[in-house]
There are 2 protein chains.
Amino acid sequence: MPTTIKDVAAAAGVSVGTASKALNGLGRMREDTRARVLAAARQLGFRPNPLAQGLLAGRTFTVGLVSSDSFGRFSIPVMLGAEDALGAGQISVFMCDTRDDPIRERHYIERLLARRVEGIIVTGRRTEPRAGIGQNLPVPVVYAMTQSVDERDLSIIPDDRGGGEQAARHLLATGREKIGHITGPERFQAARLRAQGLRDVVEPAGEVLFGEWSEEWGRQGADILLRAVPDVEAIFCGSDQIARGVAETLRERGRRVPDDVALVGFDNWEPMALACRPPLTTIDMSLGDIGRMAAEHLLNVMAGQPAESGVRTVPAGLVIRESTRVAQLP
Amino acid sequence: MPTTIKDVAAAAGVSVGTASKALNGLGRMREDTRARVLAAARQLGFRPNPLAQGLLAGRTFTVGLVSSDSFGRFSIPVMLGAEDALGAGQISVFMCDTRDDPIRERHYIERLLARRVEGIIVTGRRTEPRAGIGQNLPVPVVYAMTQSVDERDLSIIPDDRGGGEQAARHLLATGREKIGHITGPERFQAARLRAQGLRDVVEPAGEVLFGEWSEEWGRQGADILLRAVPDVEAIFCGSDQIARGVAETLRERGRRVPDDVALVGFDNWEPMALACRPPLTTIDMSLGDIGRMAAEHLLNVMAGQPAESGVRTVPAGLVIRESTRVAQLP
């Protein structure tokens with residue numbers, strides 16, 4: 001049990017309010033009272049909670065959010081989740097866009113430290129492992145929706161493998177067994193993990209088709225898959241954009257979705273998933289939860305708890321729409 | 001001509017560097033020298049440039065960005081443009097997402113003022129006129145990609161009407177005269193202005209079809225237009241999403257784009273415009289320029305220039321892709 005301000009107050013023979021004022025340097029009191037409280041705090045190894053101190057003093061905290069995602073598609077939901085955890089207005093977020101430029105990133109981090117931010121969240125548009133921003137920074141750092149290669153850092157990322165598993169289980173549950181997979185480039189960890197999640201549940205129909213993260217690849221990949229596995233019953237796609245392209249090719253080849261071929265995407269990017277014909281069942285990476293967890297970690301460290309490390313994954317969610325409805329007889 | 005630091009230096013009989021140090025309270029000098037500079041500044045009505053002062057003192061400035069655009073599709077490009085103008089790291093941006101909630105917005109503005117930001121940029125996902133955040137704030141405010149109903153405010157918005165004109169002129173130049181128009185809801189000023197820009201150049205073929213900002217409406221609108229104007233030669237769409245839906249219906253009805261019907265969108269939202277078949281000619285609202293102009297206005301006011309007011313439009317750009325290629329003979 002860490003020492004609390006109550007322990008300090010008891011040891012100094014004052015009220016908690018007086019102990020708090022003495023520790024924060026606020027309020028009027030006799031100098032020997034203040035000295036007694038400070039001595040008690042030292043003796044007991046009391047480590048003041050900087051968050052509570054700040055709130056007592058009526059000030060707000062500042063966190064830097066360093067992002068390489070110029071489109072905001074991933075970083076904005078992460079930021080909104082962080083904002084929820086930090087308390088709107090209690091903590092302010094400095095937003096810095098690095099435009100994927102390491103020199104710019106270094107510059108921003110120096111400026112954030114010069115401005116005395118109390119913590120830094122690093123985020124991006126890819127979960128690929130990246131170099132950390134350094135171990136010896138004077139403030140806690142957490143990686144959200146991106147992953148530091150340094151194991152001493154804490155990285156919070158979506159559960160890509162679990163998402164692949166969920167997609168596969170849902171397709172099996174709706175009666176599809178021949179499940180093809182069309183996804184992004186194999187060099188992406190996210191693509192490999194999503195494919196692995198599928199394989200954990202069922203052997204994919206045909207080769208896993210690695211390509212790129214685009215609709216055009218979805219259109220081409222669907223033709224490749226239909227040639228290789230003409231009786232494919234479902235296609236799990238590595239992104240909603242790929243799924244959108246797959247849906248177009250299926251329609252043009254006379255395959256009905258979901259009656260002939262069911263379709264699952266990944267991202268739950270609504271402009272894509274909702275405009276797909278039919279609307280797309282997809283995996284949601286819970287970006288808001290990732291942001292919330294990152295912010296809570298910073299708050300905990302600011303409040304004196306030890307920094308955690310390693311990679312933590314946040315469960316993905318399955319969003320069910322029409323593209324996986326149980327097949328109707330023709 | 002406002003008084004400059006040169007005038008003050010001349011009047012006090014010191015160098016500009018000495019005058020600057022005296023006014024900033026920096027550097028060592030004789031007290032009577034400092035007093036002479038301050039007296040000269042008072043006599044000449046010198047209003048120090050807070051930006052230059054801050055840069056001299058090695059400090060950075062803080063600007064709040066208040067946005068109602070939770071998806072970041074419009075606010076992120078505006079922010080990046082502002083960042084360019086403000087100088088990366090010279091000025092830091094506090095990002096606040098109001099989630100379109102006026103109470104939340106009010107709360108954020110109070111927190112930003114409590115944090116002593118030096119300026120506020122209000123932005124959003126719609127250019128529709130909205131209530132201003134108030135006239136009596138202690139810092140300059142500018143509206144970017146959104147418009148205050150208060151004429152004393154300065155609002156910087158895209159030139160929707162000019163964008164409609166550009167789309168029409170480009171279609172005429174490529175040999176299309178029967179130009180239909182499918183767009184968003186008529187209650188949106190942006191939809192009305194884009195239609196007006198088209199009408200400024202050419203009488204639309206058939207009724208202007210107001211609907212919603214969605215692909216589904218584009219798909220339906222295209223069928224309505226084809227029934228009303230079977231020999232339509234081009235369709236100007238109020239958004240890239242609408243154009244995407246129009247392209248799908250045209251393809252399904254056997255009309256080739258661009259050979260039978262040319263297509264122009266609005267937004268230059270790349271995931272939509274590039275995945276369209278064929279890639280979409282579209283109007284770019286120059287969001288980065290809007291952000292840059294907003295930030296420059298704040299800098300000017302911080303530097304002592306009078307605040308401007310009214311609505312300023314930023315020229316849109318035409319982005320030419322395959323959907324308007326000059327028609328080939330069948």
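Residue numbers start from 1 in every chain, and the chains themselves are labelled A, B, ... in the order their sequence lines are given, proteins ahead of strands.
Legend: residues meeting ring-ring contact (aromatic ring centres under 6.0 Å, His included) with Phe94(A), ordered by chain and number and at least two apart, are Phe94(B).
Only the side chain of Trp269(A) comes within contact range of chain B, judged by heavy atoms closer than 4.5 Å. For a residue to count as touching a neighbouring chain, one of its non-hydrogen atoms must lie under 4.5 Å from one of that chain's; by this rule Glu215(A) touches chain B with the side chain only. Interface residue Glu252(A): only side-chain heavy atoms are found under 4.5 Å from chain B.
Most heavy-atom pairs under 4.5 Å with chain A: of the set Arg244(B), Met79(B), Met272(B), this distinction falls to Arg244(B).
Exactly one residue among Arg292(B), Met285(B), Met293(B) makes a side-chain contact (heavy atoms from CB on, under 4.5 Å) with Val314(B). That residue is Met293(B).
Within the 3.5 Å criterion, the main-chain N or O of Arg104(A) finds no donor-acceptor partner in the side chain of Thr98(A). Side-chain N or O atoms of Asp240(A) include one that pairs as donor or acceptor with a backbone N or O of Phe266(A) at under 3.5 Å.
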